[in-house]
Amino acid sequence: MEDSLKGVLPDEELLRFYEQMVLCREFEESCAEQYAKGEITGFLHLYSGQEAVAVGCTAGLEQKDYILSAYRDHAQAIVRGADPNRVMAELFGRATGICKGKGGSMHLFSPEHNFMGGYAIVGGQFPIAVGFAFASTVRSEDRVTVCFFGDGAMNQGTFHESLNWARLWNLPVLFICENNFYGIGTEVHRASAEAVLHRRTCGYDIPSEKVDGMDVIAMYQATKRAAAWVRERQRPYFIEAVTYRFRGHSMADPAKYRSSSEHEVWKSRDPIPNLARRLVAEGIAGEALLEEIHSRCVAQVQEAVRFASESPWPDDQEIWEDIYV
Amino acid sequence: MSEMTYRDAINLALKEEMRRDSSVVIYGEDVALYEGAFKVTRGLLSEFGEVRVRDCPISENTIVGVAVGAAMGGLRPIAELMTVNFALLAMDQIVNHMAKVRYMFGGQTQVPLVIRMPGGGGSQLGAQHSQSLESYFMHCPGMHIAYPATPADAKGLLKTAIRDNNPVVFLEHELLYNSKGEVPDDPEFLVPFGKAAILKEGNAVTLVGYGRMAILSRQAALELEKEGISCEVVDLRTLNPLDLETVIASIEKTGRAVVVEECWQSAGLGGDIASRIYGCCFDRLLAPVKRISGLDVPMPYSRKIEKLCIPQAEGIAQGVRDLLAQAY
Ligand SMILES: Cc1ncc(C[n+]2csc(CCOP(=O)(O)OP(=O)(O)O)c2C)c(N)n1
Ligand SMILES: [Mg+2]
């Protein structure tokens with residue numbers, strides 16, 4: 001039995017969660033179209049299905065907190081405040097892109113929103129997140145650093161090195177594993193000797209919990225609690241968000257390794273219609289309002305595509321910029 | 001000026017920069033309580049305390065990654081990798097992260113860090129602890145690389161490295177730590193990057209070296225002087241940026257070049273420098289560019305054969321004689 005939404009958060013906040021999830025979904029589905037048209041090239045990893053994690057977690061943090069992520073990073077950057085126009089322009093490889101078209105889908109970065117990067121080497125962001133937390137501790141900045149990563153990344157050496165280090169130095173890092181059950185085509189139990197992932201932090205004396213990553217409210221509440229704990233104790237914490245990606249690993253992956261029945265079960269847990277249903281059932285929104293939100297998101301994504309496609313390509317000279325200060 | 005060792009010059013640079021700038025922090029394996037595997041960080045913990053001088057776990061990749069994040073987050077970290085050999089465990093953070101984040105994030109961040117790495121061969125430490133990996137770093141854009149030969153440069157280059165807003169790989173030669181020289185006392189004494197030093201002037205052959213190879217090249221040149229052979233010795237000081245101008249200007253004068261590298265010859269930096277020399281002053285050369293390099297073998301332990309694998313002053317001198325004896 002689900003808890004009532006009423007009382008958890010004001011109605012406007014609940015509607016904002018809904019709108020952010022819809023925006024992310026529309027953005028990702030539009031990316032798939034633009035990829036099919038050849039406007040977006042290279043690697044493209046979509047977030048469809050996992051929206052409750054980015055939206056719920058981000059809402060549970062303070063804006064000064066740092067966020068680092070892997071390559072499946074569009075939603076996390078946008079929810080944090082990055083302009084969808086400039087994110088889309090980045091994917092189109094244009095000069096107006098959030099990283100001047102030099103990063104691409106996997107390397108979004110928006111320091112004014114404390115979104116400190118998408119990293120495409122699996123597990124590469126762990127030590128960097130620990131470094132950010134170290135800096136904010138030495139500088140007495142009272143920030144939590146949130147490090148997102150996948151289930152597969154937990155098998156990298158950097159995971160172990162960084163959890164050990166974060167606890168040893170008592171750094172305020174909130175590790176959030178987005179367990180979507182697959183690292184490309186390899187299911188968790190075929191890659192991790194302990195398939196209950198959140199148990200793996202006990203060797204580093206880091207407390208952990210498992211949260212329903214298809215439930216934006218649960219993600220929000222857990223993150224808010226965990227971030228407060230990390231801030232208060234100045235120690236790392238670990239959340240395993242159990243979720244699912246509706247698409248293949250990347251656009252190159254038809255996801256043949258998953259059964260359609262498995263897919264159907266998770267589809268029925270889609271965080272967006274589920275929140276819609278609860279909003280309507282509790283009288284927080286009517287169908288008309290939800291449709292209005294949907295249309296607004298569609299329009300915003302269309303505008304992002306227009307902005308990107310009308311943007312100029314980078315100058316050739318840009319090749320040589322930003323290698324050295 | 002004060003006479004001091006290369007080790008103490010590095011130690012002094014660290015102390016001066018930590019006193020000057022509270023955002024400079026130091027950590028590494030055994031750098032704090034134990035004061036460094038080579039005792040380079042002596043006295044730092046007691047002067048600056050355990051927030052700024054810290055021991056860390058044996059996790060090289062994470063040592064570099066933490067420095068990257070800390071630098072992006074506003075500190076000026078100096079991380080020590082106990083020896084350069086262990087940098088191979090950190091190549092992911094060095095090459096894929098440290099050297100890339102500024103570029104791939106469109107110039108929106110900077111990474112002002114220094115990774116200190118003692119290295120080089122000649123102490124009978126065997127194949128895994130005697131390597132010269134400078135070419136590995138040089139191959140990758142996005143980082144500066146300094147390799148001091150003298151105590152004065154050790155101080156001045158390290159201070160420049162710490163103030164640099166780019167990531168710097170700072171290579172130190174283990175056999176130079178006890179070498180002595182005059183070092184300026186001025187706390188603003190900085191040696192700029194990308195400016196080679198002429199260790200000795202001459203007009204018949206240009207010897208190009210760096211780190212301990214620059215010192216051995218100078219020894220060879222002094223030996224050759226007695227035989228009436230005049231060599232000019234160029235110490236590159238930094239491998240990135242590379243001061244090709246000074247090298248070329250010297251060759252314009254001498255017409256002959258010997259590049260001395262401690263690393264393996266195959267795909268080593270000497271080949272790159274030689275090809276640049278050919279590209280810049282082919283018509284001025286009186287002889288092909290000669291390379292004197294570490295032998296392409298894993299380093300053997302036994303001192304009798306180890307020394308055959310690393311360029312020595314006598315070998316460099318003989319290389320110069322051979323070059324001059326050959327008719328082209
Ligand atoms: C060091 C490294 N090894 C391999 C890859 C190729 N790769 C990219 S994503 C991926 C799977 C990662 O899975 P997971 O951490 O669960 O994240 P998810 O894609 O499910 O979000 C792999 C193996 C890589 N990018 N980096
Ligand atoms: Mg996964």
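Below, each value reflects all heavy atoms present in this structure, side chains not excepted, and no hydrogens, waters or symmetry copies. Here is the naming used below: chain letters follow the sequence lines, and residue numbers restart at 1 for every chain.
The residues Arg143(A) and Asp65(A) are annotated as not salt-bridged, no charged nitrogen and carboxylate oxygen being separated by less than 4.0 angstrom. Using a 4.0 Å cut-off between a side-chain N of Lys or Arg and a carboxylate O of Asp or Glu, Arg237(B) and Asp243(B) do not qualify as a salt bridge. Contact check on Arg163(B) versus Glu188(B) returns a salt bridge, with a Lys/Arg side-chain nitrogen under 4.0 Å from an Asp/Glu carboxylate oxygen. For the pair Glu303(A) and Arg306(A), the salt-bridge criterion is met [side-chain N within less than 4.0 Å of a carboxylate O].
The environment of Gln63(A) atom CD is dense: over 12 non-hydrogen atoms of other residues, nucleotides or ligands sit within 6.0 angstrom. For Glu47(B), the CD atom is densely surrounded, since the number of other residues' heavy atoms within 6.0 Å is greater than 12. Within 6.0 Å of CZ on Arg276(B) lie no more than 12 heavy atoms contributed by other residues, nucleotides or ligands. In Phe43(A), the CZ atom is not crowded: 12 or fewer heavy atoms of neighbouring residues, nucleotides or ligands sit closer than 6.0 Å.
The greatest number of non-hydrogen atom pairs below 4.5 Å with chain B, out of Lys100(A), His107(A), Glu141(A), is found for His107(A). When each of Pro167(B), Pro112(B), Ala71(B), Ala70(B) is checked for heavy-atom pairs under 4.5 Å with chain A, Ala70(B) comes out on top. Ranked by non-hydrogen atom pairs under 4.5 Å with chain B, the options Tyr119(A), Phe126(A), Phe132(A), Phe134(A) are led by Phe132(A). Options Asn96(B), Val66(B), Ile58(B) differ in how many heavy-atom pairs under 4.5 Å they form with chain A, and the most are formed by Val66(B). Chain B forms more heavy-atom pairs under 4.5 Å with one residue of Val130(A), Val138(A), Thr137(A), Leu168(A) than with any other, namely Val138(A). Per-residue heavy-atom pair counts under 4.5 Å with chain B were compared for Ser162(A), Gly157(A), Gly124(A), Gly103(A), and the maximum is reached by Gly124(A). Here Glu161(A) is the residue among His160(A), Glu112(A), Met106(A), Glu161(A) with the most heavy-atom pairs under 4.5 Å with chain B.
Contacts between Val25(B) and chain A at a heavy-atom distance below 4.5 Å involve the side chain alone, from C-beta outward. When heavy atoms are compared at a cutoff of 4.5 Å, Ser136(A) does not approach chain B at all. Residue contact with chain A, scored on non-hydrogen atoms closer than 4.5 Å, is absent for Leu89(B). Heavy atoms of Val111(B) lying under 4.5 Å from chain A are absent altogether. Interface residue Asp92(B): only side-chain heavy atoms are found under 4.5 Å from chain A. In this structure, chain A has heavy atoms under 4.5 Å from both the backbone and the side chain of Gln108(B). For Leu68(A), no part sits under 4.5 Å from any heavy atom of chain B, backbone or side chain. Looking at Tyr66(A), only its side chain comes within 4.5 Å of chain B, counting heavy atoms on both sides. Both the backbone and the side chain of Ile323(A) have a heavy atom closer than 4.5 Å to some heavy atom of chain B. With a 4.5 angstrom heavy-atom cutoff, Asn240(B) touches chain A only via side-chain atoms. Neither the backbone nor the side chain of Leu171(A) comes within less than 4.5 Å of any heavy atom of chain B. Proximity to chain B is limited to the backbone of Glu321(A), based on heavy atoms less than 4.5 angstrom apart.
The CD1 atom of Ile145(B) sits 9.0 Å away from the CD atom of Glu134(B) when rounded to the nearest 0.5 Å. Within the model, atoms CD of Glu62(A) and CG of Asn114(A) stand 11.5 Å from one another, a figure rounded to the nearest 0.5 Å.
Between Ser192(A) and Asp151(A) the shortest side-chain heavy-atom distance does not fall below 4.5 Å.
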